[in-house]
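Presented below is the structure to which this report refers.
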Amino acid sequence: MRTIGIVTEYNPFHSGHSDQIQALREDFGLDCAVVCAMSGNWVQRGQAALADKWTRTTLALSHGADLVLELPTLWAASSAETFARGGVGLLAATGVVDTLSFGSEAGDLEPLQKTADCLHTPAWQELLHQGLDQGLSFPAARQQAATALLGPEATCLSQPNNNLGVEYLLAIRSLGANLTPHTMRRIGTGHDQAPQEGLAHASASWLRQQILKENPASLSPYLSPQEEALLRDDPASLTFCTRGVLARLRTMTEADFAQLPDSGEGLSHRLYDAVQTAQDLDTLYAQVQTKRYPLSRIRRLVLWAFLGLTVQDRPDTLPYLRVLGFSPRGRILLRQMKTSASLPVLVKPAHAARLKDPTARKLFDLEARCTALYDLCRKNFGQKAGRNEYTETPIRL
């Protein structure tokens, strides 16, 4: 039985994700297993996930996923490089996943692999540093250096899913992961774009906007009525906790901001100054953002500051595998992982209490804190109980 891994956010799970899983079974056989390394309650854009990780796990399992494992916040809410490295490391550590599948605009592995090979060379590193010294942002310097060496083929880095695909290939190489890469063409509208005629799927960002804006129009066929009702019931967003975020940030010193990841190059100083006067999060982001400091980087810094995280909190590698949910086929995988996994597998919260590695126990406790803070970002906070990391058990299909 082939076992295919996907690194994902499912924020939210929609028709495009369902079609991806169906396509994998067409490519690899109906009996193949699908394992998801899914972001927890906080995502790469520096935001709260629209729905909590257990709700998103339920949707993934109901559409064909077999095993959902959590990509912890310290990797999930990070740069593309760290996100990819965490996801690849997690799937490789299961010992059962043999293939890593991801969507890309290219839909072809060859240009992505050529670009990844280029980004591993000393020549590219030298050109990258030259671009950074010129004041370019990292993405711009990266693109410029790759284009100088590869020519037009490097344009794949300008598209978000291609870019992430390249990071997956780099992570497989650097970690020595025994995973065969597989890509399929991403079909649907681009990030933050409204649905377009003739394209089957809407972007996840557009769907989030409609739900958070309380747009009453139906989101079918991108979400079923049941899925839409579930997501509209109690969505989460960092903006629902704006005062809490600003209160936390205004207690921080400039030295505190300097402990955040990717906060160098004077960025911590800009963020510290902006926090003192900003009245809302969008204003804060705008005051700090420049051509050198992309919006996504600013959002992640603000999120890490709110969560009380520092770069020292993230271990070099994942210390455990946390199970969020499984199907009957996923249960078979879990049995295999008792002997194949290279890390402890946490199926029940009680398993975390038995962790002997202090780094692993610290990470679980930190994730519990992040979940408690996620509760504050729910639209209906206080009207219903939040979900507790120490008591929630995996979703069983």
Side-chain angles (χ1 to χ4, degrees), residues 3 5-11 13 33-44 48-49 51-61 65-78 82-97 177 307 309 313-327 330-375 386-397:
T3 303
I6 304 173
V7 185
T8 186
E9 291 186 328
Y10 290 154
N11 185 35
F13 191 98
V34 176
V35 177
C36 300
M38 189 186 77
S39 302
N41 287 329
W42 303 95
V43 295
Q44 198 191 11
D52 68 64
K53 55 192 175 186
W54 294 282
T55 298
R56 286 155 42 234
T57 295
T58 299
L59 294 175
L61 293 174
D66 294 302
L67 178 62
V68 181
L69 303 172
E70 180 178 16
L71 181 61
T73 298
L74 289 166
W75 287 268
S78 296
T82 301
F83 177 87
R85 190 176 179 87
V88 169
L90 187 156
L91 293 172
T94 65
V96 297
V97 176
L307 297 177
L309 306 176
D313 289 322
R314 184 169 58 216
D316 292 335
T317 58
L318 290 157
Y320 58 73
L321 301 175
R322 173 79 185 284
V323 178
L324 293 177
F326 52 88
S327 70
R331 190 188 297 273
I332 295 173
L333 293 176
L334 287 173
R335 293 196 196 105
Q336 295 174 0
M337 286 167 59
K338 289 181 179 178
T339 55
S340 68
S342 59
L343 295 172
V345 180
L346 310 184
V347 181
K348 301 176 182 178
H351 294 163
R354 296 200 291 266
L355 287 169
K356 296 180 180 179
D357 179 4
T359 299
R361 183 56 191 266
K362 178 183 176 182
L363 179 64
F364 188 89
D365 290 341
L366 184 150
E367 199 66 48
R369 186 179 79 202
C370 290
T371 294
L373 290 171
Y374 176 85
D375 187 34
R387 306 183 86 154
N388 189 305
E389 201 76 54
Y390 297 106
T391 58
E392 289 288 338
T393 55
I395 305 298
R396 293 170 169 81
L397 188 65

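Computation of the quantities below employed the complete heavy-atom set of this structure, encompassing side-chain atoms and omitting hydrogens, waters and symmetry-equivalent molecules. Given the structure is predicted, the values throughout are model-derived calculations rather than measurements.
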Practice problem: Would you please test Asp66 and Thr3 for side-chain contact (heavy atoms from CB on, under 4.5 Å) and show each step? | Solution: CA-CA 10 Å; Asp66 294 302; Thr3 303; over 6 Å; no

Hits for ring-ring contact (aromatic ring centres under 6.0 Å, His included) against Tyr10, two or more places apart or cross-chain, chain-then-number order -> Phe13, His17

Residue pairs passing the side chain to side chain donor-acceptor pair (under 3.5 Å) test with at least one member in residues 333-342, sequence neighbours excluded, are none

Do the side chain of [X] and the main chain of [Y] share a donor and acceptor less than 3.5 angstrom apart?
| X | Y | value |
| --- | --- | --- |
| Arg56 | Gly40 | yes |
| Tyr374 | Ala49 | yes |
| Gln44 | Ser78 | yes |

Please table the atom pairs, donor to acceptor, closer than 3.5 Å between any side-chain atom in residues 82-95 and protein atoms at least two apart or in another chain.
{"residue": "Thr82", "atom": "OG1", "partner": "Ser79", "partner atom": "OG", "Å": "3.3"}
{"residue": "Arg85", "atom": "NH1", "partner": "Ser174", "partner atom": "OG", "Å": "2.8"}
{"residue": "Thr94", "atom": "OG1", "partner": "Leu91", "partner atom": "O", "Å": "2.7"}
{"residue": "Thr94", "atom": "OG1", "partner": "Val96", "partner atom": "N", "Å": "3.2"}
{"residue": "Thr94", "atom": "OG1", "partner": "Val97", "partner atom": "N", "Å": "3.3"}

Working to the nearest 0.5 angstrom, can you tell me the gap between [X] [atom1] and [Y] [atom2]?
| X | Y | atom1 | atom2 | value |
| --- | --- | --- | --- | --- |
| Asn41 | Leu373 | CG | CG | 10.5 Å |
| Asp52 | Thr58 | CG | OG1 | 8.0 Å |
| Ser327 | Arg396 | OG | CZ | 12.0 Å |
| Glu70 | Thr57 | CD | OG1 | 8.5 Å |
| Thr359 | Leu366 | OG1 | CG | 12.0 Å |
| Trp54 | Thr371 | CH2 | OG1 | 5.0 Å |

Taken in chain and number order and not counting sequence neighbours, the residues that satisfy side chain to side chain contact (heavy atoms under 4.5 Å, CB included) with Asp375 are Arg378, Phe381

Notebook entry, point to check: Between Asp365 and Arg361, does at least one N-O distance fall below 4.0 Å, as a salt bridge requires?
Noted result: yes

request  = Answer yes or no: is there an ion pair linking Lys53 with Glu392, defined by an N-O contact shorter than 4.0 Å?
outcome  = no

| What's the verdict on side-chain contact (heavy atoms from CB on, under 4.5 Å) for Val323 and Leu69, showing C-alpha distance, side-chain angles and the deciding distance? | CA-CA 5 Å; Val323 178; Leu69 303 172; 3.8 Å; yes

Side-chain touch [X]/[Y], heavy atoms, less than 4.5 angstrom:
| X | Y | result |
| --- | --- | --- |
| Asn11 | Ser39 | no |
| Leu309 | Arg369 | yes |
| Pro394 | Val347 | yes |

On a heavy-atom basis, the closest approach of Leu67 and Phe326 is CD1-CB, 3.9 Å

The side-chain contact (heavy atoms from CB on, under 4.5 Å) partner of Met38 among Val7, Val43, Val68 is Val68

Residues at least two apart in sequence or cross-chain that pass salt bridge (charged side-chain N to carboxylate O under 4.0 Å, His left out) with Asp357, listed by chain then number, are none

Residue pairs passing the ring-ring contact (aromatic ring centres under 6.0 Å, His included) test with at least one member in residues 348-368, sequence neighbours excluded, are Phe364-Tyr390

